[in-house]
Every structure is written in C-alpha cells, then in structure tokens.
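Chain naming here is simple, since letters A, B, ... match the order of the sequence lines and numbering starts at 1 in each. Just so you know, these numbers come straight off a predicted model, no measurement behind them.
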Protein chains: 2
Amino acid sequence: MTSIDNHSAAGSVRVLTAFRWLPEFARGLARDVRVRWALEEAGLTYQVNLIGAEEQASAGYRALQPFGQVPVYRDGELTLFESGAIAHHIALQSAALMPHDPAARARTLTWMFAALNSVEPAVLALVEIDLFAGDAAWAKERRPAVLAKVERRFAELSAQLADREYLLDRFTVADILMASVLRFVRHTELVAAQPVLHAYLERCNARPAASKAVADHVAVFAN
Amino acid sequence: MTSIDNHSAAGSVRVLTAFRWLPEFARGLARDVRVRWALEEAGLTYQVNLIGAEEQASAGYRALQPFGQVPVYRDGELTLFESGAIAHHIALQSAALMPHDPAARARTLTWMFAALNSVEPAVLALVEIDLFAGDAAWAKERRPAVLAKVERRFAELSAQLADREYLLDRFTVADILMASVLRFVRHTELVAAQPVLHAYLERCNARPAASKAVADHVAVFAN
C-alpha cells in the first residue's frame, strides 16, 4: 500500500483507504470522497492508503472490510468500514458536522440512513443500467420503472428541501451523504430537473471542503 | 389512526407507526418488525399507530416521513424515521442492544450500515424480481446476475460469522437489522445454502424478543 500524507500535520493516526486507480466515469464518485469531505469539514488531518484490485481481494483486506469495498478508515486503534458509519464517527468529533443535542443527533442519523437506504439504492439501480448494462435488452425494458423511482425520490427530497437550505435546520454530515448520492446521476439531467434539488446540490458542492475532498481524490489519478 | 396499547404499562410516550393491512407475502417483513424487535430486546413499552394507504399518502404523514414509508417512531417530543436510525436511537437506551464504549458503538453502527447499505439493496433487488416482476422478460434475463450478487454477499457474511455467534463479539442491534434483511429471501433456499449463515439466522430468530415482535406485528392482521 502507498501512503500519502494529505496534510502537513505530522503524527496523524487517521488513515483512509482509497483506490489507486479508477476509470474516468467513477472518478469523484467513489465512497472515499464523502469521508474526505467530512474530514475536511471537521478540519481533521488524515493519511491515505491507496490500494489496487490485488490488495482489495486479499485476505488481509477482507479482514478489515468483509465485502472488499472502499473505504476502510482507521482512527488510532479503531478500524471502521461503511462510509455512513465512518462519516458518523467523524461527525461525533466535530460540531461542524452535527449538533451536540442527542435529539438533533438522532435526526441527523435519520437523514444519513435516508440518504444511504432510501435514496442511494434507487439511484444506483439507474447507474447500473446507464453505465454498466450496455445494450442489454433487460436494461431497456427495465429502465422506465427504475427512472420513475428515482424521479419520485427526487421529488420527495425537493419537498423536504423546499423551505430550508439543508436537510436539517443547518448543514450536517447528512448533507454530505445526500449530496454524494445525488452526484451519482451526474450523467443525467435528473437533478437539474428539480430546481430546489439542483440549488441544494450546488450549495453543498460550493463548500470549500467539498471541492478540497474531490481535488484530493482525483489528484491520486494524476500520478 | 388506530392506537393499540401493545403492553400494559400506562403512560408510554413511544409510538410506532405500522400498516393496518399487508398482503400475505409481506407479513413479517415490514420494517416496523425490526423496530418492535429492538424495543422488545430493550424491554421498552410502546404503542402502535396503524395506518392505511390513505394516511400514508397524506400531507400530514409526509411531514413526518418524506418518502411515505413505514415506520415512523415517536419518542416523546422526538420524531424519527428510517428503521436504521430508529433502531440506533433505541439501542442507545439499552445495554442489551449496544455496548457503551464509543469504539464498540462505532463498530456496531458499521454493521448496521453494512446490513442496510451493503446487503439489503442486493437482497431487495432479488425480491423485486421474484415477488413483483411476474413473467417480465427483463426479470428473467437479469435474475442470474442479481442472484449472484446476493450469493456473494451471503458468502462474505458467512466468512465474517465463521468464528463468532453474532456480527460483533456479542448480540447487538446490528444483528436485528441483518437478520431482518436475511428474512427477505425466505422464499428461497439462499440462507439455507450457507450453513453458517443459516445457523446465525436461526440463532437470531430464536430470541424471545424476535418471536414477540413478529407475533405482535402479525396479530394486527388477525382483526
């Protein structure tokens, strides 16, 4: 594994695993980006361990990440996987990502799960058809229903965002997850078709921590 | 909404929303079951608000649950949705569901997200084909790849469970979510095909709180 010190602070014990290489269409979308974003918002320094397909399939990596996915996150003695859980762990360390009040924290986690369990599966079903199914007959037949589900979810999200800037009454880690999910359909006009949602995504993307996270993620592939 | 007092304790302020009616194939699988299970493990009393399609589509319900799904959970002044977030909120109130140590809590949340973000989407893609697609040509063409993904996830889970009784080193709320996800494919032999996973699901299902939750859920439909 290649280790890159992403910040100048020495002695950091936070290590994020990311892919050494990604095809063009996946750049900016891999799940290490949302964790980088959370770390930037929190002002926490971290190192990056870059892995390739060989490490990903290794028993050693599977011991850390049973599904062979990215990212894995190490914070001192603690090793976590699942971007939602990692983002939550980071958010607990920073008022920039989550209020301190237990009720507000529970509401924040509600929207984190909403992003990853109620919206992401619908969105990724469409991505799978559009980016991976090629000319398969099943994909052509299936796409309208999958698209309709995404449009419904986006309309529901728009209604939630109609009278507020962020999912909750302030920016939280849930917005990082939701914006990251919305980015998956950047090959479509689906977000643009919903003005409220479009403005929300622009608002999230305009945050300096968001750009920094993407820039650091894609800088890896320039080497 | 019909209110049912599920326990004899008076003055409970916990209210769970569930469906008044469900078709046979969905009984025992709706997401209120996992929350009922968590509440039973925690020994917390609760009331149930039963809703039908009309309430589900209402503006009032959408204000509580933007995607019109079940369950919604009210704990005093706090209203939550997303079964993962509700289960986490309940787990924070009971040592029976989660250790107190912050690192162990973060690991528990990792497995909660694993259940709902890494395993459930694959499982529900298969359920959608098997239970809802009928004789559609796309479903026939698509099923082998969807099935293969579920089998891969189940094999990965089996590897994780090979040397332990539960996902972590003790029973936690993450097992409630994972077992609930595994139940979705009760129409197949996929869990039975993995002896370790089969034993795990049996172990989870054998817990008195698990049976009580399902019994209370299905009792609704007897009326």
Side-chain angles (χ1 to χ4, degrees), chain A residues 31 59 62-63 65-69 73 75-89 92 102-122 124-125 128-129 133 136-143 145 152-153 156-161 167, chain B residues 31 59 62-63 65-69 73 75-89 92 102-122 124-125 128 132-133 136-143 145 152-153 156-161 167:
Chain A
R31 285 178 174 78
R62 290 285 173 148
Q65 216 303 357
F67 308 106
Q69 302 174 135
Y73 179 70
D75 183 1
E77 300 293 301
L78 177 65
T79 301
L80 300 174
F81 59 98
E82 291 290 333
S83 59
I86 298 168
H88 187 266
H89 174 74
L92 289 178
R105 287 190 163 183
R107 291 282 303 168
T108 305
L109 188 60
T110 283
W111 277 105
M112 295 177 75
F113 272 107
L116 300 192
N117 197 238
S118 287
V119 183
E120 194 176 75
L124 289 185
E128 198 156 11
I129 286 177
W138 74 264
K140 207 165 294 179
E141 188 185 341
R142 177 64 173 153
R143 193 177 190 274
R152 199 170 76 233
R153 285 284 179 261
E156 290 160 343
L157 260 184
S158 286
Q160 170 69 16
L161 289 162
L167 292 168
Chain B
R31 286 177 174 80
R62 291 284 172 147
Q65 215 305 354
F67 308 106
Q69 300 176 136
Y73 179 71
D75 183 0
E77 299 293 301
L78 178 66
T79 301
L80 300 174
F81 60 97
E82 291 291 332
S83 59
I86 298 168
H88 187 265
H89 174 74
L92 290 178
R105 287 189 164 184
R107 291 283 303 168
T108 305
L109 188 59
T110 283
W111 277 105
M112 295 177 76
F113 273 108
L116 300 193
N117 197 238
S118 287
V119 183
E120 193 176 75
L124 288 186
E128 198 156 11
F132 298 97
W138 74 265
K140 209 165 293 177
E141 188 185 341
R142 178 63 173 152
R143 193 176 190 275
R152 198 170 77 233
R153 285 285 179 261
E156 289 159 343
L157 262 184
S158 285
Q160 169 70 16
L161 289 162
L167 293 168

Contacting region of [X] [heavy-atom separation from chain A under 4.5 Å]:
X         : answer
Gln65(B)  : neither
Ala103(B) : both
Arg62(B)  : side chain

Pick whichever of [options] has the most heavy-atom pairs under 4.5 Å with chain A.
options                                  : answer
Ala63(B), Pro121(B), Ala137(B)           : Ala137(B)
His89(B), Arg142(B), Arg153(B), Gln69(B) : Arg142(B)
Leu124(B), Thr108(B), Leu92(B), Thr79(B) : Thr79(B)

For residues Gly84(A) and Phe113(B), report the shortest heavy-atom separation together with the two atoms involved.
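Result for this residue pair: C-CE1, 3.5 Å.
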Mind listing the closest non-hydrogen atom pair of Leu116(A) and Asn117(B) along with its distance?
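Closest pair (atom of Leu116(A), atom of Asn117(B), distance): O-ND2, 2.5 Å.
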Contacting region of Ala136(A) [heavy-atom separation from chain B under 4.5 Å]:
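For Ala136(A), the contact with chain B is made by backbone and side chain together.
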Taking side chain as everything from C-beta outward and backbone as N, CA, C, O, which of these in Ala106(A) sits under 4.5 Å from a heavy atom of chain B? Side chain, backbone, both or neither.
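Contact with chain B is through both the backbone and side chain of Ala106(A).
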If you look only at pairs with a residue in residues 76-87 of chain B, which of them pass as a salt bridge (Lys or Arg N to Asp or Glu O under 4.0 Å), with sequence neighbours excluded?
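Sorted pair list comes back empty.
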Could you note down all residue pairs passing salt bridge (Lys or Arg N to Asp or Glu O under 4.0 Å) where residues 104-116 of chain A supplies at least one of them, sequence neighbours left out?
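As it turns out, there is no salt bridge (Lys or Arg N to Asp or Glu O under 4.0 Å) pair with a partner in residues 104-116 of chain A once direct neighbours are skipped.
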Thr110(B) and side chain to side chain contact (heavy atoms under 4.5 Å, CB included): which single residue from Ile86(A), Leu78(A), Leu80(A) fits?
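Among Ile86(A), Leu78(A), Leu80(A), the one meeting side chain to side chain contact (heavy atoms under 4.5 Å, CB included) with Thr110(B) is Leu80(A).
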Hey, what's the ring geometry for Trp138(A) with Trp138(B), parallel, tilted or perpendicular (30° and 60° as the breaks)?
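Plane angle between 30° and 60°, so tilted.
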